[in-house]
Enquirer: 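Mind looking over this structure? Questions follow.
Proteins get letters first, then strands, A, B, ... in listed order; numbering begins at 1 in each.
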Amino acid sequence: MNDTVRVRFAPSPTGYLHVGNLRTALYDYLLARRLGGTWVLRIEDTDRNRHLEGAEKALMAVLRWCGLEWDEGPDKGGPYGPYRQSERLPLYRAAADTLLAQGNAYHCFCTSERLDAMRKAAQAEGRDEKYDRTCMHLASGDVQARLAAGVPHTVRLKVPAGETLILDDLVRGRVEFQSDLADDQVLLKSDGFPTYHLAVVVDDHQMRITHVLRGEEWLSSAPKHLLLHRFLGYPLPHFAHLPLILNPDRSKLSKRQGNVAVEDYRDHGYFPEALVNFIAFLGWNPGHERELLTVEELTQEFSLQRVGKSGAVFNQEKLHWFNEQYLKAMPGERLLATLRPLLAARGWGDHDDIFLACVIDLMRERVAFVHEIPEKAGWFFEDPTSYEEATVRKRWKPDSAGWLRDFVAVLESLPAFDHATLEPAARAYAEGRGGKLGDLVHPLRLATTGVGGGPGLFELMEVLGREACLRRIQRALEMLV
RNA sequence: GUCCCUAUCGUCUAGUCGGCCUAGGACUCCGCCCUUUCAAGGCGGCAACACGGGUUCGAAUCCCGUUGGGGACACCA
């Protein structure tokens, strides 16, 4: 155990939590917990153009919904705050000044229009699209004059020539980059805000981060970060670039091809435990064959050594299966709490807990989501008003009405109306009539539920009660004859 | 286009030091069993080491190349 391990999750508040980011957060959390370290939440809100009201709160809410609680963050403070980059501007300014003073950065007065035109021209000629360093060659008097005149400017990193930059990545091993290929990255924007590249390096260092976990899309900007660490005199944290989560066509998981927001899955009725369990296995596995693991178990088993290198397709069907498994094992009270508002929305709010608990017991083996209970078994809450056509055709025989009519007397005379009483009575009745149990059961199911499938007939009749069953049989007799 | 990453069933993956792999598990699909229905469950089946060279007695496992896939090339993260 190492109590100095510090891992951060650094999302930008975009309005929703991308499932890829959820996985990064999960691995952060698992790693921090596994190593007895600290998990830090830092908000990367350095893009004022994309500022969204309420996004930060929503982000924290959905993280908590997933069961992931951080140790330090904007809402709970900590020794290395503030935890919102927009509140740390002087720190980035200071770092930029240091780089400027060292000669490892320079002021750039180029307008975005000029930059765009330059890139376009470079592209047309098939040249590299790197910044042409016009402003790097400005005379220092000239720079001072423009600065004094308040000309809008950025600060750029001066990438040294001819270097081989080496990253020792915890999942990818040694990766080499040539500095000549790197662009003179803007570090400080003209609005005074830092870009990601500056802010992440400054904050990771000042927040004493030891392990940087992030998506593979960041791998190509790692050399810039390597340089920044060196220039600023910061020791290197451990880096782990995680494999991407993919669309079915193997491109990076995108909004275009289905749901990417954790909120979407939450709203569709997925359980956080199922989502988290599923997400954990996208790019990692414990090395044994058990797949249903709680967060506590994941914490025990997690290690970066078992994180894979290649992208993983987000398989909706498997997630569905996970949800089904969790629902099956979920305590009844929790399912009931979820079910109640769903029923109320359909005007079926007036049922007591005992009844609903029975419904849940009978349905949990047959659904993957709580909302499927009212969808597939509305007849628990309302007498059927129609009868599934295909089932009528298949199960309603010419003598079914007779079978049912005579069985009514049996039902009325039963000493108790539970499945233990109903089943033998039904068997005896069928035998006495010289038929099979199915001759009674199928029409009876159709009459009481209106559909061909569902829980055991006698169990369901017990839950429905004698009165409702008799009423439904009467009605079916009127409508099906 | 340039750079970087990557490559086992349709999908998630096991395969960590090459032989125990006629390549294992899970999801999906199909069949059978169970059964009053529908499910669930049990059992079984289809299905993969991208290709080509090496190294080696022996390679899914190591090396090289090819091809495929992906990512990054912003005053967005």
Side-chain angles (χ1 to χ4, degrees), chain A residues 10-14 21 44-47 49-50 108 110-112 115-116 119 123 126-131 152-156 167 169 171-172 175-178 180-183 185-191 193-197 199-200 214-223 241 243-244 246 248-252 278 281-292 305-306 308-322 324 328 363-367 376 391 394-395 423 426-427 430 436-442 444-446 449 451-458:
Chain A
S12 60
T14 54
N21 285 141
E44 309 229 322
D45 56 348
T46 55
D47 185 357
N49 298 323
R50 289 210 281 179
C108 176
C110 294
T111 61
S112 1
L115 260 17
D116 285 345
R119 265 191 290 269
Q123 199 170 32
R127 280 186 293 110
D128 219 7
E129 291 177 36
K130 281 167 61 178
Y131 176 58
H153 63 276
T154 63
V155 174
R156 282 183 187 272
L167 171 70
D169 192 89
V171 346
R172 271 151 232 287
V175 185
E176 290 186 8
F177 304 88
Q178 296 308 317
D180 301 279
L181 268 5
D183 201 357
Q185 184 63 50
V186 168
L187 301 175
L188 224 45
K189 305 184 241 182
S190 54
D191 64 5
F193 277 64
T195 57
Y196 168 83
H197 307 284
V200 75
R214 51 167 39 157
E216 195 197 317
E217 71 263 34
W218 293 109
L219 192 55
S220 40
S221 44
H241 286 91
L244 261 19
L246 274 23
D249 70 357
R250 305 202 75 85
S251 57
K252 185 167 128 183
F278 167 71
F281 277 76
L282 252 31
W284 171 88
N285 80 84
H288 56 67
E289 290 176 351
R290 282 205 310 131
E291 294 191 282
L292 262 11
Q305 281 132 36
R306 297 203 64 88
K309 300 177 186 183
S310 50
V313 172
F314 190 94
N315 184 190
Q316 301 276 349
E317 284 164 335
K318 186 95 183 232
L319 171 58
H320 186 275
W321 177 81
F322 269 104
E324 199 175 0
K328 228 172 288 190
M363 289 305 292
R364 74 189 314 153
E365 290 288 312
R366 275 159 260 266
V367 295
K376 297 174 84 159
T391 309
K394 186 173 175 192
R395 305 293 195 188
E423 178 157 0
R427 288 190 187 277
K436 290 180 300 186
L437 187 60
D439 295 328
L440 171 67
V441 159
H442 297 304
L444 192 50
R445 171 183 297 282
L446 189 59
T449 71
V451 295
L457 178 65
F458 306 112

Enquirer: So A:Leu219, base contact, sugar-phosphate only, or nothing? Heavy-atom distance under 4.0 Å.
Expert: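 Result for A:Leu219 = sugar-phosphate.
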Enquirer: Ignoring the backbone of A:Arg172, work out which of B:rC5, B:rU28, B:rG25 is nearest its side chain.
Expert: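 Looking only at heavy atoms from C-beta outward on A:Arg172, the closest nucleotide is B:rC5.
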Enquirer: Kindly say whether A:Val155 contributes a backbone atom to a donor-acceptor pair with the side chain of A:Lys189 at under 3.5 angstrom?
Expert: no
Enquirer: State whether the distance check finds a donor on one side and an acceptor on the other, under 3.5 Å, for side chain A:Lys309 versus base B:rA7.
Expert: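 Between B:rA7 and A:Lys309, which were checked side chain against base, a qualifying N/O pair under 3.5 Å is absent.
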Enquirer: Would you say the rings of A:Tyr196 and A:Trp218 are close, in the sense that their centroids are separated by under 6.0 Å?
Expert: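 Ring centroids of A:Trp218 and A:Tyr196 are less than 6.0 Å from each other.
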Enquirer: By the 4.0 Å heavy-atom rule, please label A:Phe458 as base, sugar-phosphate, or nothing.
Expert: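 Base, at least one base heavy atom under 4.0 Å.
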Enquirer: Categorize A:Arg364 for me: base, sugar-phosphate, or nothing, with a 4.0 angstrom heavy-atom threshold over every strand shown.
Expert: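 Nothing, no heavy atom under 4.0 Å.
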Enquirer: If you look at every strand shown and take non-hydrogen atoms under 4.0 Å, does A:Gly438 touch a base, only sugar-phosphate, or nothing?
Expert: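 Since no nucleic acid heavy atom lies under 4.0 Å of A:Gly438, the category is nothing.
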Enquirer: Select base, sugar-phosphate, or nothing to describe what A:Lys376 touches, counting heavy atoms under 4.0 Å on all strands.
Expert: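 No contact at all - A:Lys376 keeps every heavy atom at 4.0 Å or more from the nucleic acid.
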Enquirer: Please encode protein proximity along nucleotides 71-77 of chain B as a string of B, S and -, counting only heavy-atom distances under 4.0 Å.
Expert: SS-SBBB
Enquirer: Could you tell me how far B:rC27 sits from B:rG45 if I compare only their P atoms? Round to whole Å.
Expert: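 That atom pair is separated by 15 Å.
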Enquirer: Between the side chains of A:Lys309 and A:Glu216, is the shortest nitrogen-to-carboxylate-oxygen separation below 4.0 Å, so that they form an ion pair?
Expert: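 A salt bridge is absent here (no side-chain N lies under 4.0 Å from a carboxylate O).
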